[in-house]
Amino acid sequence: MRGLMQDRPLLISQLLSFAGTYHAEREIVSRTVEGPIHRHTYADMERRSKQLANALKRLGTSAGDCIGTLAWNGYRHLEIWYAVSGSGMVCHTINPRLFPEQIRYIVNHADDRYIFVDLTFVGLMEKLEAEMPGVKGFVIMTDRAHMPQTSLKNVICYEELIAAESADFEWPEFDENTASSLCYTSGTTGNPKGVLYSHRSTVIHSMMANQPDALGLGSRDVVLPVVPMFHANAWSIPYGALMCGAKLVMPGPNMDGASIYELLETEGVTFTAAVPTVWLMLLQYLEREGKTLSALKRVVIGGSAAPRAMIETFQRKYGAQVVHAWGMTETSPLGTLGQLKAGMETMSEDEQITVQCKQGRAIFGIEMKITDDAGKELPRDGKAFGNLKVRGPWVVGSYLKGEGGQVLDAGGWFDTGDVATLDPAGYMQITDRSKDVIKSGGEWISSIDLENAAVGHPGVAEAAVIGIVHPKWDERPLLIIVRKPGSNVGRDEVLDFLKDKIAKWWMPDDVAFVDELPHTATGKLLKTKLREDFRDYKLPTA
Ligand code: ADP
C-alpha cells in the first residue's frame with residue numbers, strides 16, 4: 001500500500017524562497033574582490049537571483065545546460081548558484097587552484113556554456129579561451145565601473161546583465177533527481193572526475209548537515225564559510241544557511257589571518273569552517289597580535305586531519321568548540337562529524353580532545369564500514385584498520401560520463417580510498433589515504449598520526465611524512481618539516497619530542513627541513529609531489 005502524503009519534489013530553489021520569505025531581512029555580508037564590504041539581504045538575493053534566471057533565459061541557455069563559475073565566496077556567486085540550479089541547469093563550480101590544463105579539461109568535459117568569472121580570474125580565462133570552444137561567453141562578476149580591459153570575446157558585465165531583467169520569475173518545478181551542480185575531484189592522479197549532485201541529494205544533505213549533532217546551524221547563527229564554494233559546495237553551508245535563516249558572511253578572496261579575524265569580530269561570527277591550513281594562518285595571527293575571539297562558538301575543521309594542538313588551542317585559549325569533520329567531494333561532502341555523545345561530558349578535557357581528534361561519527365543517512373582487501377568487514381573495535389566504505393543518498397553513484405567505470409561494489413558501497421578505524425562508540429578515525437600509508441615490514445604506519453604528533457612541537461609549523469624505500473623494511477618514514485618563523489628546531493629535538501607519543505617502531509628514520517610543503521587544489525599535502533622530490537633520498541638507516 002502506498003502512503004497518501006503529498007509528493008512534493010525537494011528543490012534547491014525552495015531554500016531561496018524560504019529564506020526570502022521567512023528571513024527576508026537577514027543579511028549577507030561579503031568582502032568583494034573590488035575591495036569594499038557589501039551588504040544585502042535574503043530578500044535582495046531572491047530578487048536578484050530571479051533577475052539572473054531571466055537573464056540566463058535571454059542568453060539562450062536551457063534546462064540541463066552546464067554553467068561554470070570561477071569565483072570566490074561572495075553574494076554574486078550565491079546568486080549564480082541559486083539562479084542556475086533553480087532554473088534546472090547545472091552549476092559547475094570550478095576550482096581555480098587546479099592547474100590551467102586541468103581547468104581547460106574540466107570546462108570542456110562538462111561542456112560549460114557560459115562561465116561566470118570573478119575579476120581575479122579574467123587573466124586565466126584569457127589564456128584558456130581559445131582551447132574552450134564550447135564556451136559561448138564570459139560574464140564578469142562586477143559592475144560597469146570595474147569592468148577590466150580584456151581580450152576575451154563575448155564578455156558580459158554581471159550587473160548590467162541582471163539590471164536589464166525583471167524580478168518576475170517563477171522557479172520551475174521538476175523531478176528532484178535532476179542534476180543541480182557539478183564539482184570535480186582534485187585529481188592528484190589522472191584527470192579530475194566529475195561528481196554530479198542532484199536537487200534531492202543536495203537538499204537532504206543540507207538538512208542533515210544543519211542538525212545539532214552535525215554543523216548545528218540555526219537562525220541566530222552568523223556563519224562564515226571560509227571553505228570555498230568551489231571546494232565541495234563549501235560543505236553545504238551556503239545551502240544550510242538559507243535553510244535556517246542564518247546570517248552569512250562571505251570572505252571573498254582574502255583568507256589570511258588578519259582578514260578572517262576582522263570578519264569574525266566585526267560581524268559577530270558564531271560559526272565558521274575551513275581546512276587546517278586556513279586555521280593555522282588564523283592562529284598564528286592571533287598569537288602574534290595577542291588577539292582574542294569574542295563571538296565565535298564553533299569551528300569546523302575538515303578536508304585534512306585536524307592536529308591535536310589546533311583543537312586544544314581553539315578550545316582552551318579562544319573558547320571556540322572544534323567540530324572535526326570528514327568528507328569528500330564524492331560524499332557531498334559531509335560523512336562524519338565529531339560532536340561528543342551523551343556521557344562524554346564527564347570525561348576529562350584531555351579525554352574529550354582525544355575523541356575530537358578522531359574524524360567523528362556518521363550522520364544519519366551515511367552508512368559506513370571498514371573492510372580488508374578481500375572485502376571482509378572488520379570489527380568496530382577502534383583498533384582494526386581497513387578500507388573505509390560508505391553508501392547513502394548523497395554519496396556518488398558514478399562519475400560524470402562514466403569516468404572511472406563502475407565505482408560501487410555489488411552491495412552499492414563506495415570505496416573512499418581512505419584507511420580508517422571505527423570504534424564501538426561509532427567514531428571513525430582516518431589513519432591514512434590508502435596510497436599514503438607506509439608499509440614497514442608488513443605492518444602499516446599511519447603518516448597522519450606521525451604528522452599530527454610532529455606539529456605538536458612548538459617550533460613546527462607544518463609536517464609531512466612519506467615512505468622512503470628501505471632495503472630491509474620495504475619502506476620507512478621520513479618526516480619533512482616546515483619550521484615556525486624564528487624557530488631553529490633540529491632533527492634530534494623533534495625525534496626526542498616524538499618518543500612518548502608514538503609506537504617505537506613508527507619513529508621516523510630521518511627528518512628533513514624545507515621552506516614550504518606542496519599542497520593540492522583543496523589544501524591537502526601533495527604527497528605525490530613530495531615522493532617525487534625525495535625519490536633519491538637516502539635514509540641514514542638504509
Ligand atoms: P575535498 O576536496 O572535499 O577535501 P577530496 O575529495 O579532494 O575532498 O578529498 C577527500 C579526502 O580528504 C578524504 O578522502 C580524506 O582522505 C581527506 N580528508 C577529508 N577530511 C579529512 C579529515 N578530517 N581528516 C583526514 N583526512 C580528511
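Whatever order the structure lists them in is the order used to number ligands and atoms, beginning at 1. Values reported hereafter were calculated over all heavy atoms of this structure, with side chains retained and with hydrogens, waters and symmetry mates removed. One is the number of the first residue; the rest follow in order along the sequence. Note that the structure is a prediction, hence the values are computed from the model and not measured.
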Subject >> Centroid separation Tyr184 to His92 less than 6.0 Å >> reply: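 Ring centroids of Tyr184 and His92 are less than 6.0 Å from each other.
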
Closest non-hydrogen protein atom to [atom], residue and atom name please, with distance?
atom	value
atom 1 (P) of ligand 1	His231 NE2, 2.9 Å
atom 13 (C) of ligand 1	Asp418 OD2, 3.2 Å
atom 24 (N) of ligand 1	Gln359 NE2, 2.9 Å
atom 23 (N) of ligand 1	Ala325 O, 2.7 Å
atom 4 (O) of ligand 1	Lys524 NZ, 2.5 Å
atom 27 (C) of ligand 1	Gly303 O, 3.6 Å
atom 7 (O) of ligand 1	Ser186 OG, 3.2 Å

Hey, is [X] touching ligand 1 through its side chain, its backbone, both or neither, going by heavy atoms under 4.0 Å?
X	result
Met328	both
Ser304	backbone
Ala232	side chain

Give the atom numbers and elements of ligand 1 that come within less than 4.0 Å of a heavy atom of [X].
X	result
Glu330	6 (O)
Thr522	2 (O), 7 (O)
Trp326	13 (C), 15 (C), 18 (N), 19 (C), 20 (N), 21 (C), 27 (C)

Lys/Arg-Asp/Glu bridge criterion (N-O < 4.0 Å) met for [X], [Y]:
X	Y	result
Lys527	Glu451	yes
Asp423	Arg380	no
Lys439	Glu475	no

Original post:
What do you reckon, does Thr329 have a nitrogen or oxygen under 3.5 Å from a nitrogen or oxygen of ligand 1?
Top reply: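 It does: an N or O of Thr329 is found under 3.5 Å from an N or O of ligand 1.
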
Subject >> N or O contact, Ala305 vs ligand 1, cut-off under 3.5 Å >> reply: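 N/O-N/O distance below 3.5 Å exists for this pair.
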
Counting only heavy atoms not in [X] (residues, nucleotides, ligands), do more than 12 fall under 6.0 Å from its [atom1]?
X	atom1	answer
Lys297	NZ	no
Trp473	CH2	no
Glu345	CD	yes

Subject >> With Lys389, the side chain to side chain donor-acceptor pair (under 3.5 Å) member among Asp415, Asp418, Thr371 >> reply: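 In the set Asp415, Asp418, Thr371, the residue that makes a side chain to side chain donor-acceptor pair (under 3.5 Å) with Lys389 is Thr371.
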
Original post:
Do the non-hydrogen side-chain atoms of Leu282 and Phe314 ever get within less than 4.5 Å of each other?
Top reply: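 Sidechains of Phe314 and Leu282: in contact.
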
**OP:** Take Trp72 and Phe121 through the ring-ring contact (aromatic ring centres under 6.0 Å, His included) test and state the conclusion after the steps.
**Re:** CA-CA 10 Å; Trp72 303 111; Phe121 307 115; 5.2 Å; yes

Original post:
Do any heavy atoms of Gly417 fall under 4.0 Å from ligand 1?
Top reply: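 No; Gly417 lies far enough from ligand 1 that no heavy-atom distance drops under 4.0 Å.
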
